[in-house]
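Step one of this worksheet: look at the structure below.
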Amino acid sequence: MTAKLIKGTEIREEILTEIEQEVKEIKEKHGVVPGLVTILVGENPASISYVTLKIKTAKRLGFKEVQDSRPADISEKELLDLIDKYNKDDSIHGILVQLPLPKHIDEKKVLNAIDPDKDVDGFHPVNVGRLMIGGDEVKFPPCTPAGIQELIVRSGVETKGAEVVVVGRSNIVGKPIAVMMMQKGRGANSTVTVVHTATKDLAYHCKRADILIVAAGVPGLVKPEWIKPGACVIDVGVNRVGEKPSKKDPNKMVPILRGDVDFEAAKEIAGWITPVPGGVGPMTITMLMKNTLMSLKYKLGIA
Ligand code: NAD
């Protein structure tokens, strides 16, 4: 293997330790801790496991955490009232609504009801606008793109003037990471190209990339010959390609996960590469915790 492996699990630990320390200092000095509420509607098993992990992480960091679980038949009005309650609660600095919501609820309406200053997911149109303006305007960068940028920075990859190619144009990964990488500032200042399903020659663009960020959701989409030797390859894709017995409990089946890049071949060509799992994945919740801490710091005027 020639590429340096970018280990999200290790970088996550670094960042969580920094957050934990800051929470302690703020508590001593100001007598407050970040407060995060997670609103879970219904009993979708994947949503339950995401929420459980978020709560576990928040607890470990010394946050105040509230898990507010509601039945799947909650009305839209009741959910909006609940959000309003947390918008007004001074001990809560971050509000998360776990998606997907049941069909009778308008997701957009619910997300837009969150106070933009507590929108730690960074999905509210106000925060999307702030991200576009850049610089000091940015309060809550969306978590997966923020995690990607952190992986690049902490791996020592030069971004200034770099050719960055982003595969995918979703609102949660492709578009925001493209915007972030082109802004002036730390871990950015790059020349960015976004490619997608209507791009004529995907290989041509990928081959030019000093930093290739792939978020398509198509296993093995990026071929090794599309990678520029020495490039930094960030594979955001998480694709279930089968099942295998769990190492801990061989009677239990666990999903086999693959990224959007042919990892085994790509690692012989790239300069840096993220594995799947264990690369970008661990960063999303980490950056969510960072955003919640930042929300408290903005409120205290110490950010
Ligand atoms: P999405 O389906 O919303 O968007 C995928 C994008 O890729 C689209 O813009 C589409 O145009 C583009 N695309 C799809 N097939 C393509 C092709 N053949 N050629 C060129 N472009 C193509 O997906 P998303 O929400 O952005 O997620 C992308 C992947 O990243 C998924 O595998 C998802 O599971 C993963 N993901 C991981 C994390 C994490 O690790 N924390 C977070 C978010 C998403």
Side-chain angles (χ1 to χ4, degrees), residues 5-12 15-16 44-47 49-54 56-57 96-100 107-108 111 120-123 128 131 140-152 164-181 192-209 212-223 225-227 233-242 254-263 266 273-291:
L5 200 60
I6 301 180
K7 292 183 186 154
T9 41
E10 282 179 11
I11 295 178
R12 167 184 63 191
I15 299 173
L16 290 181
N44 177 330
S47 295
S49 81
Y50 289 137
V51 166
T52 308
L53 196 56
K54 286 170 188 173
K56 202 173 137 196
T57 312
L96 282 183
V97 178
Q98 186 64 46
L99 301 179
E107 250 174 39
K108 211 157 126 189
L111 294 183
V120 286
D121 260 335
F123 293 153
V128 176
L131 190 80
F140 305 119
C143 302
T144 302
I148 294 170
Q149 197 175 36
E150 214 47 57
L151 289 178
I152 295 171
V164 171
V165 175
V166 178
V167 184
R169 55 179 161 185
S170 72
N171 287 331
I172 62 164
V173 190
K175 272 190 230 167
I177 190 64
V179 169
M180 288 161 76
M181 295 307 292
V192 180
T193 305
V194 180
V195 297
H196 44 74
T197 41
T199 299
K200 284 182 186 150
D201 191 343
L202 217 55
Y204 163 78
H205 292 286
C206 292
K207 279 179 192 167
R208 293 190 300 106
L212 180 60
I213 301 171
V214 193
V218 181
L221 173 70
V222 171
K223 310 289 174 264
E225 60 274 21
W226 298 6
I227 294 166
V233 178
I234 306 288
D235 190 352
V236 190
V238 181
N239 307 291
R240 286 172 180 236
V241 294
V254 291
I256 301 172
L257 301 178
R258 290 272 182 281
D260 290 349
V261 177
D262 176 352
F263 177 80
I273 192 164
T274 57
V276 177
V280 176
M283 297 300 289
T284 302
I285 291 183
T286 307
M287 301 318 286
L288 183 69
M289 300 300 143
K290 177 92 188 269
N291 277 351

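In listed order, ligands and their atoms are each counted from 1. One is the number of the first residue; the rest follow in order along the sequence.
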Original post:
Shortest non-hydrogen contact from T274 to G279?
Top reply: CB-CA, 4.1 Å

Original post:
After noting the C-alpha distance and the side-chain angles of M289 and I15, does the key distance pass the side-chain contact (heavy atoms from CB on, under 4.5 Å) rule?
Top reply: CA-CA 10 Å; M289 300 300 143; I15 299 173; over 6 Å; no

Original post:
If you count the atoms of ligand 1 from 1 in the order shown, which ones are under 4.0 Å from a heavy atom of H196?
Top reply: 11 (O), 20 (C), 21 (N)

**OP:** Enumerate the atoms of ligand 1 whose separation from the nearest heavy atom of V218 is less than 4.0 angstrom.
**Re:** 15 (N)

Original post:
Can you check whether L221's main-chain N or O pairs, donor with acceptor, with D260's side chain at less than 3.5 Å?
Top reply: no

**OP:** Ignoring hydrogens, just give me the one of V167, L202, V214 whose non-hydrogen atom is nearest atom 19 (N) of ligand 1.
**Re:** L202

Subject >> Location of contacts on L221 toward ligand 1, heavy atoms closer than 4.0 Å >> reply: side chain

Subject >> Nearest neighbour of atom 34 (O) of ligand 1 from the list V238, T199, V195, I285, on a heavy-atom basis >> reply: V238

**OP:** Please report the C-alpha distance between L99 and L111 in whole Å, then the side-chain angles of each, then the deciding distance to 0.1 Å, and finally whether the side-chain contact (heavy atoms from CB on, under 4.5 Å) criterion is met.
**Re:** CA-CA 10 Å; L99 301 179; L111 294 183; 4.0 Å; yes

**OP:** Please identify which atoms of ligand 1 are closer than 4.0 Å to at least one heavy atom of T284.
**Re:** 39 (C), 41 (N)

Subject >> Nearest-neighbour protein heavy atom for atom 25 (O) of ligand 1, which is reported as residue plus atom name and distance >> reply: I172 CD1, 3.5 Å

**OP:** Would you kindly specify which portion of T197 sits under 4.0 Å from ligand 1, judged on non-hydrogen atoms: side chain, backbone, both or neither?
**Re:** both

**OP:** Dump the intermediate steps for side-chain contact (heavy atoms from CB on, under 4.5 Å) on R240 and I256, then the final yes or no.
**Re:** CA-CA 6 Å; R240 286 172 180 236; I256 301 172; over 6 Å; no

**OP:** Run the numbers for me: atoms of ligand 1, each under 4.0 Å from some heavy atom of R169, listed by number.
**Re:** 6 (C), 8 (C), 9 (O), 11 (O)

Original post:
How does V236 reach ligand 1, by side chain, by backbone, by both or by neither, if only non-hydrogen atoms under 4.0 Å count?
Top reply: both

Original post:
NZ of K223: more than 12 outside heavy atoms within 6.0 angstrom?
Top reply: yes

Subject >> Nearest heavy atoms of I152 and M181, plus distance in Å >> reply: CD1-CE, 4.2 Å

**OP:** Name the closest protein heavy atom to atom 42 (C) of ligand 1, giving the residue it belongs to and the distance to 0.1 Å.
**Re:** T144 OG1, 3.4 Å

Subject >> Any Q98 side-chain heavy atom under 4.5 Å of L96 side chain >> reply: no

Original post:
For ligand 1, which atoms sit closer than 4.0 Å to a heavy atom of N239?
Top reply: 32 (O)

**OP:** Would you name the heavy atoms of V261 and D235 that are closest together and state the gap between them?
**Re:** N-OD2, 3.0 Å

Original post:
Of all heavy-atom pairs between M180 and P145, which one has the smallest distance, and what is that distance?
Top reply: SD-CB, 3.6 Å

Original post:
Can you tell me which residue and heavy atom of the protein come closest to atom 29 (C) of ligand 1, and the distance to 0.1 Å?
Top reply: G217 N, 3.7 Å

Subject >> Side chain, backbone, both or neither: the part of D260 lying under 4.0 Å from ligand 1 by heavy atom >> reply: neither

**OP:** Below 4.0 angstrom from a heavy atom of V173, which ligand 1 atoms are there? Numbered from 1 as shown, please.
**Re:** 26 (O), 43 (C), 44 (C)

**OP:** Identify the heavy atoms of H196 and L202 that sit nearest to each other, and give their distance.
**Re:** O-CD1, 4.2 Å

Subject >> Identity and separation of the nearest protein heavy atom to atom 23 (O) of ligand 1 >> reply: S170 CB, 4.3 Å

**OP:** Among all protein heavy atoms, pick the one closest to atom 2 (O) of ligand 1 and tell me residue, atom and distance.
**Re:** A216 O, 4.5 Å

Subject >> Closest non-hydrogen atom pair between L151 and G8, with its separation >> reply: CD2-CA, 4.0 Å

Original post:
Can V276 and F263 be said to form a side-chain contact (heavy atoms from CB on, under 4.5 Å), step by step?
Top reply: CA-CA 8 Å; V276 177; F263 177 80; over 6 Å; no

**OP:** Considering only protein heavy atoms, determine whether one is less than 4.0 Å from atom 27 (O) of ligand 1.
**Re:** no

Subject >> Per-residue contact class, N171 against ligand 1 - non-hydrogen pairs under 4.0 Å >> reply: neither

Subject >> Top protein contact for atom 12 (C) of ligand 1, by heavy-atom distance >> reply: G168 CA, 3.7 Å

**OP:** Distance to 0.1 Å, residue and atom name: give those for the protein heavy atom nearest to atom 40 (O) of ligand 1.
**Re:** G281 CA, 3.4 Å

Subject >> Whether G174 lies under 4.0 Å from ligand 1, heavy atom >> reply: no

